[in-house]
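Not measured: the values here are computed from a predicted model. If you read the sequence from its start, that first residue is 1, and numbering goes on from there.
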Amino acid sequence: MPVSVLSWKKKKLRDLEALHLDMLEAEKARADDLLRAILPPGAVRELKETNEVKPRRYENVAVLFCDIVGFTRYCDLHPPEKVVSELQELVAFFEDLATRHGMEKIKTIGDAFMATAGLISHCDDPVLTSVKCGLEMREGSLKLDPSWQVRVGIHFGPVVAGIMGKRQFLFDLWGDTVNIAARIVDHATAGTVALSGAAWIHVRNRCRGKSHGMVELEGKGSIEVVECHEVR
C-alpha cells in the first residue's frame, strides 16, 4: 500500500476517534447538566463518587411551602393542558425568586412549591430569607396572567435530606420541620405568609406580624402561628 494512502487512512481513523471522543464528552456534559438540574451540587458529587446519596441530618434549616388558593376549583373550570401551562409559568417564577434569595427549590407537589434556606448553601438568616422570598411570592403571583393568590407556610429546625432508592432520583427532605411547615401552609389564610412561633422568634425584631394564637395541627398538637405582614 502506498505510503500516502496509508497516512490518509491513519489520519481518517484519528479524526474518527477524535470525533467519537468529542461526542462522548458532549454526552457526559449533557448528563452532568441534567444531574445538576435535578440534584444539589454536593449530591451530584457524592452520587458520581459513590453511586448513592445517603440521607443525613442538617441543622438550622428553614422550610417553605407555597400553594395556590382555590387551585382545585380552577382545575375544575379549565382544561388540564391550560392549567399545566399556567402552572409551569408560576413555578418558573418561584424558581427564579428562590435562586435570587439564595434558597434551594426541593420539589413541587401538585400546586405546592417547596424550598429551603440554609440546607445546601450557607445562609446567615434562613428564616428571614424565607420570609422575604415568601412575601415576593405573594406579591409577584398576583401580577401574573392569570393572577394567582397564594399562601406560604414556614418552619425552622433540623431535617434529614438525601435520596431514597436507586432509580428516578429525587433529592428530598424528611422530619417534623417539613411536616409542620406543610401543615402551617394548610392553615394559612389566603394571601398570607405564616410562620410557626419557633420560626417567628428568629425574625420578630425584623418583621411586623400578628399572632393567630395556638393552632391545632393534625398529628402535631398545638403550636403558635404568626402571620408576617412585612419586613421592617
Problem set entry | Partner set under side chain to side chain donor-acceptor pair (under 3.5 Å) for H212, not counting sequence neighbours | E227

For this session: Using the test side chain to side chain donor-acceptor pair (under 3.5 Å), find all partners of E216 that sit at least two apart in sequence or belong to another chain.
Result: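 Counting only residues at least two positions away or on another chain, E216 forms a side chain to side chain donor-acceptor pair (under 3.5 Å) with S222.
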
For this session: Report yes or no: do H122 and D124 form a side-chain donor-acceptor pair below 3.5 Å?
Result: yes

Exercise. Is the closest side-chain donor-acceptor distance between S211 and E224 under 3.5 Å?
Worked result: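 Checked: S211/E224 side chains pair up, N/O donor to acceptor below 3.5 Å.
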
For [X], enumerate each residue passing the salt bridge (charged side-chain N to carboxylate O under 4.0 Å, His left out) test, keeping only those at least two apart in sequence or located in another chain.
X    : value
R73  : none
R206 : none
E104 : none
E95  : K105

Which atom pairs, one a donor and one an acceptor, fall under 3.5 Å between side chains of residues 53-62 and the rest of the protein, sequence neighbours left out?
| from | atom 1 | to | atom 2 | distance (Å) |
| --- | --- | --- | --- | --- |
| R56 | NH1 | E46 | OE1 | 3.0 |
| R57 | NE | E59 | OE2 | 2.5 |

Problem set entry | From CA spacing to verdict: side-chain contact (heavy atoms from CB on, under 4.5 Å), F113, I106 | CA-CA 8 Å; F113 181 90; I106 301 301; over 6 Å; no

As an exercise, state the distance from [atom1] of [X] to [atom2] of [Y], rounded to the nearest 0.5 Å.
X    : Y    : atom1 : atom2 : value
K220 : H155 : NZ    : NE2   : 9.0 Å
L144 : E86  : CG    : CD    : 10.0 Å
I163 : L170 : CD1   : CG    : 8.0 Å
L195 : R204 : CG    : CZ    : 13.0 Å
M103 : C123 : CE    : SG    : 8.0 Å
W148 : Y74  : CH2   : OH    : 4.5 Å

Problem set entry | Hydrophobic cluster membership, L64 vs F171, 4.5 Å side-chain cutoff |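 No: no chain of side-chain contacts under 4.5 Å links L64 to F171.
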
Exercise. Same cluster or not: are I120 and M114 linked, directly or through other Ile, Leu, Val, Met, Phe, Trp or Tyr residues, by side-chain heavy atoms under 4.5 angstrom apart?
Worked result: yes

Problem set entry | side-chain contact (heavy atoms from CB on, under 4.5 Å) against P79, all qualifying residues, sequence neighbours excluded | E81, K82

Does any N or O in the side chain of [X] come within less than 3.5 Å of the main-chain N or O of [Y], such that one atom is a donor and the other an acceptor?
X    : Y    : result
D111 : I68  : yes
T192 : A188 : no
T129 : A117 : no
T177 : P158 : yes
T116 : L119 : no
H187 : R183 : yes
S141 : R138 : yes
R151 : V185 : yes
T108 : G110 : no

Does a side-chain heavy-atom distance below 4.5 Å link [X] with [Y]?
X    : Y    : answer
V231 : R208 : no
V69  : V150 : no
V152 : F65  : no

Under 4.5 Å side-chain heavy-atom separation, chaining through any Ile, Leu, Val, Met, Phe, Trp or Tyr, what else clusters with [X]? Say none if it is isolated.
X    : value
L77  : none
I201 : none
V160 : M164, W174
I223 : I180, I184, V215, L217, V225

Problem set entry | Heavy-atom pair of closest approach, residues A161 and L173 |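 For A161 versus L173, the nearest heavy atoms are CB-CD2, 3.3 Å.
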
Problem set entry | Closest non-hydrogen atom pair, V83 against C75 | CG1-SG, 3.8 Å

Problem set entry | Test side-chain contact (heavy atoms from CB on, under 4.5 Å) applied to V63 and V159, step by step | CA-CA 9 Å; V63 178; V159 301; 4.1 Å; yes

Exercise. Passes side-chain contact (heavy atoms from CB on, under 4.5 Å), L97 versus F93? Steps please.
Worked result: CA-CA 6 Å; L97 275 182; F93 170 68; 3.6 Å; yes

Problem set entry | Reference residue C207; test side-chain contact (heavy atoms from CB on, under 4.5 Å); the match among L135, L128, V193, V127 |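 Among the candidates, only L128 passes.
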
For this session: Apply side-chain contact (heavy atoms from CB on, under 4.5 Å) to the pair C66 and F94, showing each step before the final yes or no.
Result: CA-CA 9 Å; C66 178; F94 286 167; 3.7 Å; yes

